[in-house]
**Q** 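Here you go, one structure.
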Amino acid sequence: MAQYARGSAVAVIRLRNPPVNALSRAVLQALEDGLKKADADPSVKAVMICGENGKFSAGADIRGFSAPKRLGGALGPIVSLIESSEKPVVAAIEGVALGGGLEVALGCHYRVAHVKARMGLPEVTLGLLPGAEGTQRLPRLIGVPAALDMITTGKHIPATEALKLGLVDEIVEENTIEAAIRLANKVIGQPLGPRRLSLKPVPKVPNMEAFLDEALAKVKRQARGCLAPELCFQAVRAATRSPFAEGVRRERELFQVLLSSGQAQALQYAFFAERAVRRWATPGGASWSSAAPQPVRRAAVIGLGTMGRGIVTSLVKANIPLVALEQDLENLNKGRKAVMLLLEREAMKMEGGAQVLDFHNPARLQFTVDFDLLRDVDLVIEAVFENMALKKEIFHKLSKICKPGALLCTNTSALNIDEIASATNRPQQVIGTHFFSPAHVMRLLEIIYGRHTSPTAIATAMQLATALKKVGVVVGNCFGFVGNRMMFPYVQQAVFLLEEGSRPDAVDQVLEDFGFKIGPFRMSDLAGLDVGWRSRKDQGLTGPSLPAGTPARQRHGQRYSPLPDLLCERGRFGQKTGKGWYLYEKAGGRTATPDPWLLNFLSQYRDTHGIRTRFIDQEEILERCLFSLINEGFAILAEGIASGPEHLDVIYINGYGWPKHRGGPMFYASTVGLPRVLAKLQKYSEAHPDVPGLQPSAFLKKLAAVGNPPLKEWMSYLSQQSSKL
Ligand SMILES: CC(C)(COP(=O)(O)OP(=O)(O)OC[C@H]1O[C@@H](n2cnc3c(N)ncnc32)[C@H](O)[C@@H]1OP(=O)(O)O)[C@@H](O)C(=O)NCCC(=O)NCCSC(=O)/C=C/CCCCCCCCCCCCC(=O)O
């Protein structure tokens, strides 16, 4: 709600809806009532609008957008009411003024912000646009280029930048409310016409149309199939072409298009899913609500390869003092140089730069080859090569050296956490922390608990994720955990499609058109084909340990494609060697071009194995890749490896380039409809009976059989299923 109070000549309207003062129906009604009351009271000469508990407002109540009676245009008229007030209205912006919250502030005649406040119009990230006249007022206040940037990206800007842009009139370090009341008193009686944004012209840009054409091309390039950025652009363009009232009409039309779009539903689902995964739970009964994290005052990272360097950079950026350890001086010096380079680059992007990060100070970042320096750290992240024997050796050493309470984390993408923990005297403090490359950039942190991992250890790893500004997702221990386990059947299908007649660029194109940042073959070339090759050799699927007489295209009675192994045997590791599934301009090059050699090689391969080349259409490519990945997701849920479909979706959006506007694989399955996913899997499985990844999971079958329930009810159908944990 909003609380109305009158002190001296300034009436105060305080938005109140904890925790972020979202604009619900009740808040809007109270805001409107407060404005009318102030208007009717002759002793009130000015109005100040602020938010409860140091937050102005995080905007419209997002849950309201999917409510049966949606409120689209409900806020615009209230913003107009504020602007048309004959008494000056001042916004006191503390904490955040986002979305509809900022639009309320734009209706005010003056804006005072606390220096630590953040402002933005993030509707685009929810598949919407600022539908309370924000697309028409903001360009009039800060100009078209800056407004377009804020509205089409949804970025939050700090108060200091808002002041430079002219978005706020004043920033203060002390009491924002007092400063706003002071300003309100000062401006009583001054003309309000020049302060009404709807009356201002949109500032001219030299050659506006050329500027807009270029801006549109950029927006389209970055949107990759997401609708909202382009419609945000169109709404701002309307401000440059039409009078205010007409621009508002256009904004409303576009808002309604977005509001009813599947993309908006997917993006809003993703918003809440990211928050839901913070409330982790394990089948054993441990949960976020009862487990308390341990403080991490000092950490250590072991191994300064690609992953270790990124992890060190992340910890430094999070202001956690640490020791970085390598096995010998040569690797240490190489690693130190690379880390320093990364940190210099990161510092350049930050206000205050290197001084803020303080990474030249050995008390904050110490490089060593001496394990003894790990005695007093609170947490260690081991990030060495994916080799079980090596990891066990390190964990054995750690359990002897580290203090009893230290948390021992292993950065692994697939290895068994329990086996690693078995090398220590404290398996309850061993946990998997699967970072994604580059570790200082990628937001996902998969947190894997083992059989003995304590709730405190999980809570501490989750707290670490928050400190590193990452999304931590707690999952159980199985080969590949959640992300890579779902990725295996996806990549497997992609390779099978090549065997049957497709081409790497055709498969990639279909998945990139779907919205993936990068298709499976480009991804594999980027990551390095040798990584999977090594793992397959370790598993005895290829290489010298493969028993003589094993059929080329079969392992353990199932279909297997040796294609990736054959490329590796020819030294084609991807970008690093200049050739893999594609050809690159040089070793380390990034421009992928289809390689005639590979196409010829594929055709010879098919001849050798008697495979009849057939045309494979886009639908089959998409369905076989995505539905096999989704199918594995259902198996993971049934086994209790993840506690809900939101976990899988958050992992895929933040770690695997899944297009956010499609909500994640499990949300996508819910939009396709589970009976359809099931029917397609059954069809493909009949055609390829030797591919277990295409055989529909029992959980999917059950959900389809009970009538395709909504995603949020799926887990309730598991009660009768057996959990492996
Ligand atoms: C930066 C944040 C604000 C805070 O971040 P942080 O401190 O990390 O905290 P969080 O964990 O993210 O959030 C805390 C909890 O608050 C919930 N939350 C946050 N914002 C909203 C919101 N806008 N609506 C609902 N709930 C919100 C969040 O889910 C957490 O709770 P939980 O853990 O999930 O339980 C950060 O939260 C953030 O970035 N928030 C989103 C900001 C944003 O995107 N704002 C834009 C919203 S869209 C908008 O404003 C559109 C305007 C166009 C015009 C619309 C006109 C219609 C208005 C009428 C609406 C009427 C609704 C009817 C409902 C009813 O019946 O009453």
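These numbers come from the heavy atoms of this one structure, side chains and all, not from hydrogens, waters or symmetry mates. Atoms within a ligand are numbered from 1 in the order they appear, just like the ligands themselves.
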**Q** For ligand 1, which part of L23 has a heavy atom less than 4.0 Å away: the side chain, the backbone, both, or neither?
**A** backbone

**Q** Taking all non-hydrogen atoms of both residues into account, name the closest pair between I177 and A92 and its distance.
**A** CD1-CB, 4.1 Å

**Q** Give a yes/no verdict on a cation-pi contact between R195 and Y110, requiring under 6.0 Å between NZ or CZ and the six-membered ring centre and an angle within 45° of the axis.
**A**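 Ring-cation test returns yes.
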
**Q** Please check whether G131 reaches ligand 1 - meaning an N/O of the residue sits under 3.5 Å from an N/O of the ligand, judged on distance alone.
**A** no

**Q** Would you indicate which of F65, F271, F255 comes nearest to atom 41 (C) of ligand 1 when only heavy atoms are counted?
**A** F271

**Q** Strictly by ring pair (Phe, Tyr, Trp, His ring centres under 6.0 Å), give each pair with a member in residues 258-291 just once, sequence neighbours left out.
**A** Y269-F667

**Q** Kindly identify the option in G99, P19, A58 whose heavy atom sits closest to atom 43 (C) of ligand 1.
**A**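 The residue whose heavy atom sits nearest atom 43 (C) of ligand 1 is A58.
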
**Q** Going by the angle between their ring planes, with limits at 30° and 60°, are Y656 and F436 parallel, tilted or perpendicular?
**A** perpendicular

**Q** Please confirm whether R275 comes within less than 3.5 Å of ligand 1 when only nitrogen or oxygen atoms on both sides are compared.
**A**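 It does: an N or O of R275 is found under 3.5 Å from an N or O of ligand 1.
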
**Q** Does E103 have a non-hydrogen atom less than 4.0 Å from ligand 1?
**A**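 Per 4.0 Å heavy-atom rule, E103 contacts ligand 1.
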
**Q** Is the closest heavy-atom distance from V20 to ligand 1 below 4.0 Å?
**A**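 Yes, V20 has a heavy atom closer than 4.0 Å to ligand 1.
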
**Q** Taking non-hydrogen atoms only, is A60 closer than 4.0 angstrom to ligand 1 via side chain, backbone, both or neither?
**A** both

**Q** A26 to ligand 1: N or O pair under 3.5 Å?
**A** no

**Q** Considering distance alone, does some N or O of R118 sit under 3.5 Å from an N or O of ligand 1?
**A** no

**Q** Salt bridge or not for E230 and R237, using N-O below 4.0 Å?
**A** no

**Q** Just to be sure I'm reading this right: ignoring hydrogens, which of S57, G100, P130 gets closest to atom 50 (O) of ligand 1? Compare them by their nearest heavy atoms.
**A**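 Closest candidate by heavy-atom distance is G100.
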
**Q** With backbone taken as N, CA, C and O and side chain as the heavy atoms from C-beta onward, which portion of L128 lies under 4.0 Å from ligand 1: side chain, backbone, both, or neither?
**A**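 For L128, no heavy atom sits under 4.0 Å from ligand 1.
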
**Q** My understanding is that only residues two or more places apart in sequence, or in another chain, count here; which of them pass side-chain contact (heavy atoms from CB on, under 4.5 Å) with L141?
**A** L106, R111, L167, L197

**Q** Examine the proximity of ligand 1 to S24 and report which part, side chain or backbone, both or neither, has a heavy atom under 4.0 Å away.
**A** both

**Q** How far apart are the closest heavy atoms of H156 and R118, and which atoms are they?
**A** ND1-NH1, 2.9 Å

**Q** Give the contacting part of E251 toward ligand 1: side chain, backbone, both or neither, where contact means a heavy-atom distance below 4.0 Å.
**A** neither

**Q** Between R25 and ligand 1, find which residue part has any heavy-atom pair under 4.0 Å and reply side chain, backbone, both or neither.
**A**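 The part of R25 near ligand 1 is both the backbone and the side chain.
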
